[in-house]
Amino acid sequence: MLAYKFTEMRTNHINSIRYKLAVPALITALVLTLFSSGCKREDFILPDHNAMDERIWEQDGSIQLFLNGAYSVIMPDYPYEGTGSYTPWFFWASDENILGATGDNIMKKALGIGQTMVSNDMRYISTKIQGTKGDNKYFDIARCNLIIANVPSSPISELSKRSFLGQAYALRAMVYFNLTITYGGVPLVLDPVDPNDLNLGGRASARECFTQIIKDLDSAIVKLEGVPYSEGTDRGKWTKFAAAAYKAKVLLYWASPQFNPQNDPLHPYDANRWNIALQANKEAYDLCVAAGKNLSLPYADIFLKEGSANPEAIIVRSYSKSLDKRYQNVESRSRPAGATTGGSPSDGYVPTTQMLNAYLMNDGTPIRTGNVQNPLYDDVLFWKNRDPRFTATIAYNGSEWKLNGKLGTRQWTYSKEVEGSTKPFYCKRFSDVTLPAGSVGIANDKGGNGLDWIELRFAEVVLNYAECLNETGNIAEAKNLVKQIRVRAGILPGTLNYGLDLAQSKDEMRELILNERMIEFAFEGKRGHDLRRLRRMHLLSGQYLTTPVVELNEASTSTVKKAKLEAINPANGLRNRDTLNMNSRSTYLFYFKPQAAILGNATNPIAVPETYYFYAFANGFLQSSPFLEQTIGWDNGTFDPLK
Amino acid sequence: MNVFLQTQQYLRWKAKVACAPLMAALLLSATAYAAPEKPVNKSSATQGTARQNVTGTVKDAKGEPLPGVSVRIKGSNTGTSTDAQGVYRINAPEGNTILVFTFVGFKTREINIGSQTTVDVVMQEDITSLEDVVVNVGYATKRRSEILGAVATVKASELEDIPAPNIAATLRNRIAGVGVSSTSGRPGASISLNIRNSRSTSYGQTEPLYVIDGIIATKEQFDALDPALVEDLSILKDATAAIYGAAGAKGVVLITTKRGKAGKTTLSYNGYVGVSDAAREPNTLSAYEHALLLNQTYDVKQNVASTEYFSDADLELLKNNRIPSWYDKFWQAALTQRHNLSISGGSDKITFFAGGNFQNENANYAGMSQNRYGFRSGLTATILTGLKADVNFSVNNNAQNSKNGLSETDQNFYQTLVKTPKWTPLEINGNPITLGAGNVRNPLALLNSGYYEKQNNTNYQVNAALNYSPSFLNGLTARMQFAQTGSNGKGRVYAPPYKLYNYARTGNNNLLYADIPDPVTPVVDGLSMANSRYTRSYSRGSSYQAIFTLNYAKTIGKHNMSMLLGGDRAKGSDESSRFYYSSQQVANIDEYWAFDQNTFTQQGISDGESIKQSWLSRVSYDFNKRYFFDAIARYDASTKFAADQVWGLSYNVGLGWNISEENFFKDNVSFINSLRLKANFGVSGDDRVGGNSRLWQENYKVDLVNTGYLYGDNMVGSLNPTQYPNPDITWEKARIWNVGIESSMFNNRLDFNLQAFHRVTYDAFDAYNTNSIPQYAGLVPPAINYAEFIADGMEFTIGYRGNLARDLKFNTSVNFGISSGYQSKGMVNPFQLFENSPEDWQYFVGTDARKFNSSNFGLIAKGMLKTQEDVDALLAQNPNYTIFTQIPQRGWLYYEDSNGDGKINERDYVPMYNHPNPFSTGLSLGLSYKALALNTNIAGNFGGKVFYDSQAMKAPSKTENVDSFWKDHWTPENPDGLFPRQDDPSLGKKSTFWAVDGTMVRINNMTLSYSLPMKYLNKAGFSSVRILATGNNLWTIVNPLKYKDPYTSSILDYPTLRTISVGLNVGL
């Protein structure tokens, strides 16, 4: 139709003069409209609809979102539960559990079990140049650095600034602390890095790192003063007393033999570090008490109660069983396999003989002193008369553990047991017995028990404080604190003041506290840290990580006793074994051989050289910069972590 | 076979239905044009001018009458054409009436009849010299002889007969310096062009810029073009692309679509129907051969448990294996077709063109297909003297369907057909079995489940221009062009749950399937209910481009000058979103509401926006058509860079000398029609940053699920830094020198063209390799303008057109290009180079990329250890010799210990060959005898090396079948076997063992056509009818690696397809 009109125009002989002027005018107008607008600089600034740019620092909301990301990558998880490469398995290498399939290589190397560690094995600091969880600790630090650098000039309220900065300082301290205790001095990057001007140096000394960590925690303590949190929406955020407790822990490490060895002529012992640590620990203890933290919770419930119901939790990472990808897998990892229990157990939760024996008797005395066995101890019914934390922690053959609401039944762990148990022991501490078997595992990014991980709880504050008191000569006060722990555990006063009077000297008290920590923090991933901190790891050399296996007391070809035990009594619907008298040694021995076999690595003992107290940088990290020195003890390294 | 025929008929019917609306559209536009003709006729009738009947005969130079010549009265639509005897009759007004005679292949003649009533005409054949062809050089056209750069041109008519998926595919091997590569043979797989081995880093692009009718187009729009609707293509290969400065650094492909021609309205149809099949079928081991081979491997391996072996009974069973090959079961020849209908015509004042196309390519299995249709129409009208309007409209639609995925190579699905051991049944008693091994899906179960993926993309464009050449200022043309483009796409993926059936295994090694359902778990989830999913995605884009140019040309004496000034502004925006529901609640219904409504998951929303604004100018000058000068300058601003870095300058300066116009030359050399020397230098840029284009900006993205956090029960998202900014990021640039010699000889029958270039791509987008900044910097290094690539090359094209004998015509063109290049600068960490693990060897900065590239990097094989004596001799000489940590054994390959450490591993990799690249050439041949014509395109590679692909180097295993060449492998009984033992630890490692001579000769395509004689056609009212038979990817005469087609990268990829088709061209 357009064409028709134009043809008409031609036949109408419109005067050519008119269009001569009209057409150029029209074109000029169009051109001017289109192009005149586009010459200003501002016209080339288009908003980014897909992402946040530097405006991120102008709003509470976006800074909070950014901080959430820092929490997500920095806050620690349950030990042994994950399978991700980010999991710092070597932290958990200790004599507390036997070694299993998951992540065991690096743990075996850290303990020298059948394998030795080479410099390139320790990739905790960095595996990749990217910022997803576990890939590179300096990406985690960079998140904190960005907040610390940008928030002070933000237009948000002063309270918000203090809150954000306090949390960022605390998180940064946490990353640097974990790096420093691993490598003993790492590069300190405290400002956002300009990629066009990589102003980066080499490794800072451990002293400089500790100084910075303490400085950051001091900043956090100051900034977090009076920052209000609501229980419903803020649980897990760093508080003032959490930062103080963490600072106390950091100073304990700085005073401890890992960084402060006693008999090293090149690095003289500095006793004053204990005084500084004591001061910080006292402050932390007082702050926590003032904040309502205490040991009122039954030991068995520590990981089962969350939020305000748990006065012991100081630093936590929350999980959920019903939200996408917010699960942890600890329920499955600690439960037995089997249709009614639904677990997929990990050896990380199977105690070693050492661990079983570490538990005291119920009066606070050890099961053996030298070669003398405690008369209360029964090596067959070894659960009898024990520290109540034993049964609160360890599921053994025939122990009470009403998984999946199976009232009246017990957990049986003898080999070839009918319901599918595969391990001789399990850990009960992180398990919600009410969870049905079908909900134990993770499916479609959901599942598990969703229980919070408590990275730091009041008991640790107490024991850290006690250790400082002991090291500074105040054994009596140290015992008072340990007593609090034992009282809460349910240990009886006995004749030896809860067993505490067995420690007569500072050295004996140090041993007592170390053992107390092993029991109190069973399977919380603290044992490996303690062994390294106290330079006790290499002393384990020669030990094997094994645990006894219970078998049926009949020939392998016979199933008579098995059938008898497992037959279901129609009267109560229970298997016969569930009504077995567990207090009768003879009954038990009639059916079972308690130490018929062992589980774990009986071929290769622990073999840890002293150089393992500070690990090496992996090749990729070391060679990424000319300024980095390798740690002494590794590949002719020259960096001294004790300077 | 029967079924197949039925399918074909069904599809034909479908095609017809699809064509119907197209026809309707065409008729509508035709009637729209019929209207204005009436008043013209009326007015001429009412004017009462005397009319006369004019008649005459039209003949060619040899005196043969020419039928079908168009005869038209100039300035009107009245016209006729000559009959079979070359005679025409027309009623024309008396006076100064001019008759216009046009005929394809002949020069148009205009004759003023005056008062004559008999006008005989002799028409001269039009051997247009290439020199006179008008070529689009960007924002303007130039005569070929005046172009000072390397510009290749192709007439679309040369391409339209080839049954290839799109224009890019038809260009394969046709133009020196233009590389074509396709990802796989799957219909819809992308086919990319590369001009002169353009290189960039992962941030940049290597494809050229596409411009359709003056407007920058997307690759998708370019791929949608039907060759029959295109007039021609020109490709700016050097810095003359600076006229598109902004994105010209990788070359520019300029497409001009067809326009209406004044004269009788013509209707033409062009199309083909063909069958596509694998150019080379995979030839894998039979079940028996496979089992035997495994047994043989176990024999030599020793200590293999007896339960691993196939027993004699198993072997006997497999000898008579009744299980059909999965490949044979699924793979079948597929139908492919293309149809095109166009109408064109008009008067001197108005011309129009409208054309529609339909293309359907079916894949060879799994209901995969690609259907495209498009419509283009154009109207050119002279509104008033000097003022012309050009209005074009186009729409393209591309629908892809699959009952499987829509990935480029379709490897996941296809490889199960090839790789699965042939003792594995697809189904037992109608139940698809579970394979239980690795990630292999049962293809039958997937197909039966109802799974599908669909993607439908549409784009449309209105492209209008006004040209104004005022009569008061001769030589001035003002042009205003505006195009608005819109696009939208939608996709659906339906993945319903399905079951697989577990059957008991039998045989000594439990690899065979018994007819008994597994007693414990007879049924397993192929895709569980919870993981079933319904995904939808939407995208839309819109953009405009406005161009304003002023062109002034002036001749003063022997000085010819022209000048172009212009502005160009383009703005585009796009957005997309994707979401899914999972856990199907209502079975078999592929709607979102049939899935669990609580599972709605947003997979991503994206939004993009960009503006580019440019000022451009070009000045051309020549003295007496002998000495030429040309300069281009363009100033661009792009929002892909920070506000202070938006502007970039591109320029080009060219000089030319037309030697053949010199008197000394004209007088002395007569056989050379033209000879030209030319040179140009320029700089052009590229702002096409891949991925996120905001490299200059901080970028934090919100994520809830993956990296969010939980405070108590309060789930919160997180903002994660996704990019570290470089505020200084700016244009990537290329500095290009080009010199050329062009000549036409022997009455324009022989054309010769030689171009040489030197290109430095600098400031290319680059970043430190992630392994090479201090790992404690805490950031992903941002892109910077740093990398530099240097390339040198030469391109030759020689063409010949001539008559071998009366009626026997011949034309040929040979092209080849040689080029070398290397990366001269790149971000690498000097502390880490060649230090650590072999991954670091990926840096080849400063080395010739022809030799130093990862495919030429491997072990130097010294042979095979055929006997124990060979092994002993080797170990006697090198006592600690190990091959990938193992002590050598017979039947293994052994290698040169390049680093002398006594061990063979990746550290012994060296560049294997000095000249691994073959010499490549393309040859086009055309032969015609009377109405019969044969056109062929032949590709030839000579010398060099090609390597077995990484999949072919793999030994068979109990879960993976391999190509049958593995049959000839070493065993104690066959020590001269060509291939090593299957447990050779070096299998899969690159070495000279896996290199073969790269010589390859291949007939890419061949077209045989026959034009029906005019005398019959005219009676039936046709102006031309041509029938043709064509083959694409026809025949590999010399194939270096027999097990696959040279254009296929691995036998696990969808193979290259051979298409044989019959076509028809009809003009009305």
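Here the structure is a predicted model, which means the values were calculated and not measured. In what follows, every chain begins at residue 1, and chains take the letters A, B, ... in the order their sequences are listed.
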Pick one of side chain, backbone, both or neither for [X], based on which atoms fall under 4.5 Å of a heavy atom in chain B.
X	value
V186(A)	neither
D234(A)	backbone
R143(A)	side chain
S62(A)	both
I56(A)	side chain
L146(A)	side chain
P47(A)	both

Ring centres under 6.0 angstrom apart (Y229(A), Y711(B)):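 No, ring centres 6.0 Å or more apart.
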Chain A contact via D703(B) - side chain, backbone, both or neither, heavy atoms under 4.5 Å: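 Contact with chain A: none, neither part.
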Contact class of V646(B) relative to chain A, heavy atoms under 4.5 angstrom: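 It is the side chain, since no backbone atom gets that close.
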Taking every non-hydrogen atom, the tightest pair across R317(A) and S72(A):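 Heavy atoms only, the tightest pair is NH2-O, 3.0 Å.
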Which of G712(B), S583(B), P721(B), A530(B) touches chain A most, by non-hydrogen pairs under 4.5 Å: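 Most heavy-atom pairs within the cutoff with chain A belong to G712(B).
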Option that, when pairs with chain A are counted at under 4.5 Å, heavy atom only, ranks first among V705(B), N720(B), I605(B), I611(B):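 Heavy-atom pairs under 4.5 Å are most numerous for V705(B).
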Working to the nearest 0.5 Å, report the span between [atom1] of [X] and [atom2] of [Y].
X	Y	atom1	atom2	result
L616(B)	Y635(B)	CG	OH	14.0 Å
S318(A)	M75(A)	OG	CE	9.0 Å
S230(A)	K237(A)	OG	NZ	8.0 Å

Residue, of A142(A), S320(A), G236(A), P187(A), that accumulates the most heavy atom pairs under 4.5 Å with chain B: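 Option with the top pair count is P187(A).
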Most contacts with chain B, counted as non-hydrogen pairs under 4.5 angstrom, among L628(A), L323(A), N50(A):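 Max contact count across the listed options: N50(A).
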Test side chain to side chain contact (heavy atoms under 4.5 Å, CB included) applied to K388(B) and T380(B), step by step: CA-CA 7 Å; K388(B) 261 171 82 176; T380(B) 309; 3.8 Å; yes
W453(A) vs Y319(A), ring-ring contact (aromatic ring centres under 6.0 Å, His included): CA-CA, chis, key distance, verdict: CA-CA 8 Å; W453(A) 164 243; Y319(A) 292 94; 8.8 Å; no
Aromatic ring pairing Y700(B)/F66(A), orientation class (parallel under 30°, perpendicular over 60°, tilted between):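 Taking F66(A) first and then Y700(B), their aromatic rings stand perpendicular (interplane angle over 60°).
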